[in-house]
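For clarity, every value in this text was computed on a predicted model and none was experimentally measured. The chain is numbered in sequence order, starting from 1.
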Amino acid sequence: MPQLFEDDRNYLLGDPELEIIGDREKLAQWRHKMKGPAFYRLGRKIIYRGSDLNAWVAANRVDPSKNA
């Protein structure tokens with residue numbers, strides 16, 4: 001499966017690539033509810049690792065042909 005994010009890159013809130021999975025408010029809701037992709041909190045900064053984002057995307061993949 002092609003990767004949506006670069007595994008060795010850090011993504012910060014505001015990076016346009018994060019819009020693929022949710023806007024800033026949605027990501028904040030997920031963090032508050034301890035859902036969504038893994039993240040690091042460094043002070044007030046939120047950082048997402050590309051490898052964590054790719055793992056989360058893969059875990060949430062839906063294959064309709066397997067539900068038949």
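Residues that satisfy the side chain to side chain donor-acceptor pair (under 3.5 Å) test with Glu17, not counting sequence neighbours, are Arg9. For Asn60, the side-chain contact (heavy atoms from CB on, under 4.5 Å) partners two or more places apart in sequence, or in a different chain, are Trp56. Partners of Tyr48 under the ring pair (Phe, Tyr, Trp, His ring centres under 6.0 Å) rule, at least two apart in sequence or in another chain, do not exist in this structure. Residues passing the side chain to side chain donor-acceptor pair (under 3.5 Å) test with Asp23: none are found, sequence neighbours excluded. With sequence neighbours excluded, no residue satisfies side chain to side chain donor-acceptor pair (under 3.5 Å) with Arg24. Residues satisfying the side chain to side chain donor-acceptor pair (under 3.5 Å) test with Asp15, not counting sequence neighbours, are none.
In this structure, CD1 in Ile47 is found 11.5 Å from CG in Asp52, a value given to the nearest 0.5 Å. Taken to the nearest 0.5 Å, the NZ atom of Lys45 stands 6.0 Å off from the CG atom of Leu12. Going from atom CG of Leu18 over to atom CZ of Phe5 covers 6.0 Å, rounded to the nearest 0.5 Å.
You'll find the side chain of Leu4 stays beyond 4.5 Å of the side chain of Leu53, heavy atoms only.
Residues Ile20 and Val57 share a single hydrophobic cluster, defined by chaining ILVMFWY side chains whose heavy atoms lie under 4.5 Å apart.
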Would Glu6 and Asp8 count as a side chain to side chain contact (heavy atoms under 4.5 Å, CB included) if you check the C-alpha gap in whole Å, the side-chain angles of each, and the deciding distance to 0.1 Å?
CA-CA 6 Å; Glu6 297 175 36; Asp8 59 347; 4.2 Å; yes
Extract all donor-acceptor atom pairs below 3.5 Å that involve side chains of residues 32-41 and protein atoms in other chains or at least two apart in sequence.
none

